[in-house]
K.L.:
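One structure follows; several queries about it will come next.
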There are 2 protein chains.
Amino acid sequence: MLSKTTEYAIRALVSVELNSRKGQRPGFKTIARDIDAPEQYVAKIMQTLTRFKLLKSVRGRGGGFFFTEDNQQDIFLYDVVWIMEGKTFFTRCGFGFKHCDANNPCPLHNEYEPIREAFTQLLKKETIRSLATKIEKGEAVLSRLSV
Amino acid sequence: MLSKTTEYAIRALVSVELNSRKGQRPGFKTIARDIDAPEQYVAKIMQTLTRFKLLKSVRGRGGGFFFTEDNQQDIFLYDVVWIMEGKTFFTRCGFGFKHCDANNPCPLHNEYEPIREAFTQLLKKETIRSLATKIEKGEAVLSRLSV
DNA sequence: AGTAAAAAAGACCTTAAAATCTTTTATAAT
DNA sequence: ATTATAAAAGATTTTAAGGTCTTTTTTACT
């Protein structure tokens with residue numbers, strides 16, 4: 001479904017959110033530990049996310065990753081997926097048929113479409129903040145982060 | 001979502017079904033042309049599918065791939081996906097969280113579960129035959145196959 | 001000014017999926 | 001029996017995702 005990289009990206013942003021709620025400004029090593037992912041790989045992902053302005057970073061002493069007022073606005077999972085997987089993620093045929101759309105449906109299009117749409121809506125509804133809140137409330141766990 | 005290999009497998013079986021309805025017994029080259037996939041790669045996939053007894057093959061002159069009385073029974077897409085992707089496909093967390101299930105839900109589990117379940121039900125309902133029939137009826141197109 | 005801390009950047013490596021090439025085995029027609 | 005045909009099997013290659021290592025740049029503290 002989602003690539004491992006996208007999964008890391010979502011969890012990494014949640015880690016930043018949870019850390020900043022505690023007044024921290026995490027670096028990639030902290031994030032990597034939180035989400036149980038390889039440090040350098042997380043560093044690369046954070047570079048992508050900052051390049052796309054989902055959050056900001058500062059180098060040097062006391063540096064790290066954080067959200068600004070702008071970013072503090074909700075980051076939808078949809079945005080993260082769009083950036084990491086590309087826009088075609090939301091339209092390409094789930095069964096690999098070429099030219100599959102409403103006008104030219106593959107044999108599964110009509111039944112699959114609503115499912116994909118439901119998933120898209122989920123990604124358009126949930127945000128990094130909403131995930132973080134669920135975790136803080138103890139309604140959900142986030143692997144190591146919650147331990 | 002599904003790997004390319006699984007997509008090929010589903011389409012390949014549909015190709016066999018459509019061909020046998022025309023009294024043909026296709027070989028891997030015919031199938032590959034039908035579904036627009038690499039010949040040798042299709043050959044490998046057909047080997048897997050026959051090894052798992054989803055259909056039969058005969059070598060030599062006049063050989064090819066076909067369904068027996070046994071296989072003529074509906075092959076559910078679920079079976080194909082199970083074979084090609086493994087059983088964990090239907091249970092693993094869609095967002096990469098460890099230990100995500102009803103008891104230990106990730107922050108998206110409760111909303112994602114019904115979507116995944118709907119997809120699973122689709123795979124448990126649709127069969128190779130049902131796809132082939134839709135294509136024959138002209139209700140759907142199957143890339144090159146339909147041309 | 002010098003140094004330590006941290007992200008950015010670039011080069012490189014590893015693994016798994018996808019794809020190809022070659023040889024072997026089975027089948028049927030001549 | 002020989003030959004043509006076709007799948008099976010095995011080895012190999014290619015590509016892309018995932019992951020690592022090293023150097024550079026930025027920043028703050030002393």
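Quantities reported herein were computed from a predicted structural model and do not represent experimental measurements. Computed over heavy atoms, backbone and side chain alike; hydrogens, waters and symmetry mates excluded. The chains referred to below are lettered A, B, ... by the order of the sequence lines, with proteins before strands, and numbering in each begins at 1.
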K.L.:
Please report the distance, rounded to the nearest Å, between CD in B/Glu39 and P in D/dA8.
P.N.:
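Those two atoms, CD and P, are 15 Å apart.
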K.L.:
Between atom CZ in B/Arg51 and atom P in D/dA8, what is the gap in whole Å?
P.N.:
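So the CZ-P distance, B/Arg51 to D/dA8, works out to 9 Å.
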K.L.:
Whole angstroms only, please: what is the CD-C1' distance between A/Gln40 and C/dA8?
P.N.:
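Computing the A/Gln40:CD to C/dA8:C1' distance gives 11 Å.
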K.L.:
Do A/Lys134 and A/Glu126 sit within salt-bridge range, that is, some charged N less than 4.0 Å from a carboxylate O?
P.N.:
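Salt bridge present between A/Lys134 and A/Glu126.
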K.L.:
Please tell me which of the listed nucleotides, D/dA7, D/dA8, C/dA19, lies nearest to the side chain of B/Phe28?
P.N.:
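Nucleotide nearest to B/Phe28's side chain: D/dA7.
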K.L.:
Find the bend of the helix from C/dA1-D/dT30 to C/dT30-D/dA1 as the angle between its two terminal axes (five pairs each), to the nearest 10°.
P.N.:
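End-to-end axis angle: 10°.
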K.L.:
Measure CD/A/Gln24 against C1'/C/dA6 and give the value in whole Å, please.
P.N.:
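Nearest whole value for this atom pair: 16 Å.
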K.L.:
Go through A/Lys29 and A/Arg33 one step at a time and tell me if the side-chain contact (heavy atoms from CB on, under 4.5 Å) criterion holds.
P.N.:
CA-CA 6 Å; A/Lys29 290 179 186 175; A/Arg33 187 165 28 74; over 6 Å; no
K.L.:
When you get a sec, tell me which of D/dA8, C/dA19, C/dA9 is the closest nucleotide to the side chain of B/Phe65?
P.N.:
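Of the candidates, D/dA8 comes closest.
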K.L.:
Applying side chain to side chain donor-acceptor pair (under 3.5 Å) to A/Thr133 and A/Arg21, what does each step give before you reach the verdict?
P.N.:
CA-CA 10 Å; A/Thr133 299; A/Arg21 288 184 188 186; 3.1 Å; yes
K.L.:
Please report the distance, rounded to the nearest Å, between CD1 in A/Ile35 and P in D/dG18.
P.N.:
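From A/Ile35 CD1 to D/dG18 P: 13 Å.
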K.L.:
Only counting residues at least two apart or in another chain, list the ones meeting side-chain contact (heavy atoms from CB on, under 4.5 Å) with A/Phe90.
P.N.:
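Counting only residues at least two positions away or on another chain, A/Phe90 forms a side-chain contact (heavy atoms from CB on, under 4.5 Å) with A/Tyr78, A/Val81, A/Trp82, A/Thr120, A/Leu123.
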K.L.:
Return the value, rounded to whole Å, for the distance between atom CD of B/Gln47 and atom P of C/dA19.
P.N.:
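Distance check: B/Gln47 CD to C/dA19 P gives 16 Å.
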K.L.:
Is there a side-chain contact (heavy atoms from CB on, under 4.5 Å) between B/Ile128 and B/Leu54? Walk through the geometry before answering.
P.N.:
CA-CA 11 Å; B/Ile128 297 303; B/Leu54 286 193; over 6 Å; no
K.L.:
If only side-chain N and O atoms of A/Ser57 are considered, is one of them under 4.0 Å from the OP1 or OP2 phosphate oxygen of C/dA8?
P.N.:
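For C/dA8, OP1/OP2 do have a side-chain N/O of A/Ser57 under 4.0 Å.
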K.L.:
Please confirm whether the ring centroid of A/Phe119 lies under 6.0 Å from the ring centroid of B/Phe119.
P.N.:
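No, ring centres 6.0 Å or more apart.
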K.L.:
For D/dG19 and A/Tyr8 - does any side-chain N or O of the residue sit under 4.0 Å from the phosphate oxygens OP1/OP2?
P.N.:
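For D/dG19, OP1 or OP2 has a side-chain N or O of A/Tyr8 closer than 4.0 Å.
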K.L.:
Is there any protein nitrogen or oxygen under 3.5 Å from a nitrogen or oxygen in nucleotides 26-30 of chain C, and what are the pairs?
P.N.:
from: C/dA26; atom 1: O4'; to: B/Arg59; atom 2: NH1; distance (Å): 3.3
from: C/dT27; atom 1: O2; to: B/Arg61; atom 2: N; distance (Å): 3.3
from: C/dA29; atom 1: O4'; to: B/Arg61; atom 2: NH1; distance (Å): 3.3

K.L.:
Roughly, in whole Å, what's the span from CD1 in B/Ile45 to P in C/dT20?
P.N.:
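Atom-to-atom, B/Ile45 to C/dT20, this comes out as 12 Å.
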K.L.:
Of the non-hydrogen atoms in B/His109 and B/Pro114, which two are nearest, and what is the gap between them?
P.N.:
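Heavy atoms only, the tightest pair is O-CD, 4.5 Å.
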K.L.:
For A/Ala37, enumerate each residue passing the side-chain contact (heavy atoms from CB on, under 4.5 Å) test, keeping only those at least two apart in sequence or located in another chain.
P.N.:
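Partners of A/Ala37 under the side-chain contact (heavy atoms from CB on, under 4.5 Å) test: A/Tyr8, A/Ile35, A/Val42.
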K.L.:
Mind checking what makes salt bridge (charged side-chain N to carboxylate O under 4.0 Å, His left out) contact with B/Lys124, not counting sequence neighbours?
P.N.:
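Once residues adjacent in sequence are excluded, B/Lys124 has no partner under the salt bridge (charged side-chain N to carboxylate O under 4.0 Å, His left out) criterion.
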K.L.:
What string of B, S and - do you get for nucleotides 11-17 of chain D, 5' to 3', when a contact is any protein heavy atom under 4.0 Å?
P.N.:
B------
K.L.:
Kindly give the heavy-atom pair with the smallest separation between A/Arg25 and A/Phe65, and that separation in Å.
P.N.:
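For A/Arg25 and A/Phe65, the tightest heavy-atom pair comes out as CG-O, 3.7 Å.
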K.L.:
Strictly distance-based, threshold 3.5 Å: is any side-chain N or O of B/Ser20 a donor or acceptor partner for the main-chain N or O of B/Gly23?
P.N.:
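Not confirmed, B/Ser20 side chain does not pair with B/Gly23 backbone.
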K.L.:
How close or far is atom C1' of D/dA8 from atom NZ of B/Lys56, stated in whole angstroms?
P.N.:
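My rounded result for the distance is 14 Å.
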